[in-house]
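Chain letters run A, B, ... following the sequence lines, proteins first and then strands; every chain starts at 1.
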There are 2 protein chains.
Amino acid sequence: MTMLETMATVDQKKSEMGDAVLADRLREVGLRPTRQRMALVDILLSQGNRHMTAESLYSEATSQGAKVSLATVYNALHTFTAKGLLREISIDSTQSYFDTNTKEHHHFYFEKSGKLEDIEPNHVKLSRVPNAPDGMSISRVDVVIRVDG
Amino acid sequence: MTMLETMATVDQKKSEMGDAVLADRLREVGLRPTRQRMALVDILLSQGNRHMTAESLYSEATSQGAKVSLATVYNALHTFTAKGLLREISIDSTQSYFDTNTKEHHHFYFEKSGKLEDIEPNHVKLSRVPNAPDGMSISRVDVVIRVDG
DNA sequence: CCATAAGATTAGAATAATTCTAGACTGCTT
DNA sequence: AAGCAGTCTAGAATTATTCTAATCTTATGG
């Protein structure tokens, strides 16, 4: 084993939140804290609010040494979303984005770069919202402000 | 040729707007009024506001006798959008929707059926909108109200 | 502790929407 | 009528995502 290989193996970033906290977060929503979920949830929840795609999460995870398959990343993103740990955003019909901020808020979408940015909740106000038709109810209101260069 | 085949061949709906009007609409934006564009633009613009996908436009066109390929439908949807005849809406990461209403307005999205419905412009009011960052400008503000059953 | 079952992971195949390619065709100008 | 730029098209290619079925792991109960 070369020096570089040794370092790469050892260089797995330790969670800033503490593994116990992350494991509990998973157990709270009824999910087993497996090795790969821990790695993913650490990336997703140990830093500020983020907007990730399956690809971006997968490459970040593998590049810091986690051994996880792309299929698992998709599985995890969907189960985390179902359990309320993430929120899915449809902005670009070519890719799904997942937002680690599950509180009510809105977005800037930079058309050129494809990046998303949170808008402070108090910077957007909807003073008038229609009622949902007949027996239906509003599950969510999304405001996307598209900006170009 | 059977009676049914004859009827199907003859049964090509004539434009409610008049072909000349549609052809001019295309010429105005710098597009040649070809046979297939005429058929598509007729479906898109001769009725009220609609929300179409490539598939739905393709099947409507072919079912009323127009001879168009799916590739052409995609081409047309994109060029029409670029020329301002349509507006693309990203709501569902699995499919793109194209809206024949290019005026400022917003949408209900029915999660169960995948259908879109316009919201009267005066039924939504944004009383507060943030400024675009630095040298950027806002190109569009989209409000999507998701409703379930 | 260890067997075990329910829950997870995975490689690779499969699917679905969309885009690309390159050759054939057609509307418009001269 | 001829020619060219602009269009159309079948089919291959691409991309994101989902599925499959076999292999592992985690939490549990004895």
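As judged by a 4.0 angstrom heavy-atom cut-off over every strand, A:T94 is placed among residues touching the sugar-phosphate backbone only. Using a 4.0 Å heavy-atom cutoff across all strands shown, A:T53 reaches no nucleic acid atom at all. Across all strands, B:T72 comes closer than 4.0 Å to base atoms (heavy-atom distances).
The side chain of B:A71 lies closest to D:dA10, out of D:dA10, C:dG27, D:dT17. Taking every side-chain heavy atom of B:T34 into account, D:dT7 is the closest of C:dT9, C:dT10, D:dT7. Checked against D:dC19, D:dT17, D:dT26, the side chain of A:S96 finds its nearest nucleotide in D:dT17.
Mapping B:F98 and A:Q36 onto DNA chain C via the closest heavy atom, the residue that lands nearer the 5' end is A:Q36.
Side-chain contact annotation: A:H105 with A:N49, donor-acceptor N/O pair under 3.5 Å absent. Side-chain contact, A:H107 with A:D118: a donor N or O sits under 3.5 Å from an acceptor N or O.
Between the side chain of B:S46 and the backbone N or O of B:I43, no donor-acceptor pair lies under 3.5 Å. No side-chain donor-acceptor contact under 3.5 Å links A:R27 to the backbone of A:R32.
In this entry the distance linking OH of A:Y58 with C1' of C:dT10 reads 10 Å, nearest Å. Rounded to whole Å, the distance from NZ on B:K67 to P on D:dA10 is 11 Å. The separation between B:L26 atom CG and D:dG6 atom P is 16 Å, rounded to whole Å. When the P atom of D:dT18 is taken as reference, atom CG of A:L70 falls 11 Å away, rounded to whole Å. Rounded to a whole Å, the CG atom of A:L77 is 13 Å from the C1' atom of D:dT18. Going from atom CG of B:D24 over to atom C1' of C:dC28 covers 15 Å, rounded to whole Å. Rounded to whole Å, the distance from CD on A:Q95 to C1' on C:dT18 is 14 Å. Rounded to whole Å, atom C1' of D:dT17 lies 11 Å from atom CG of A:N75.
You'll find a donor-acceptor pair under 3.5 Å spanning the side chain of A:R32 and the base of D:dT26, going by distance alone.
Considering all non-hydrogen atoms of both residues, B:V68 and B:V73 come closest at CG1-CG2, 3.9 Å.
An OP1 or OP2 oxygen of D:dG6 is reached within less than 4.0 angstrom by no side-chain nitrogen or oxygen of B:R37. Contact annotation: B:R27 side-chain N/O to C:dC28 OP1/OP2 distance is under 4.0 Å. For A:H78, a side-chain nitrogen or oxygen approaches OP1 or OP2 of D:dT18 to under 4.0 Å. Contact check, A:Y74 against D:dT18: no side-chain N or O comes under 4.0 Å of OP1 or OP2. Remark: A:R35 is in phosphate contact with D:dT26, judged by side-chain N or O atoms under 4.0 Å from OP1 or OP2.
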**Asked** Should B:F80 and B:V41 be marked as a side-chain contact (heavy atoms from CB on, under 4.5 Å) after you check the CA-CA gap, both sets of side-chain angles, and the distance that decides it?
**Response** CA-CA 9 Å; B:F80 293 173; B:V41 102; 4.0 Å; yes
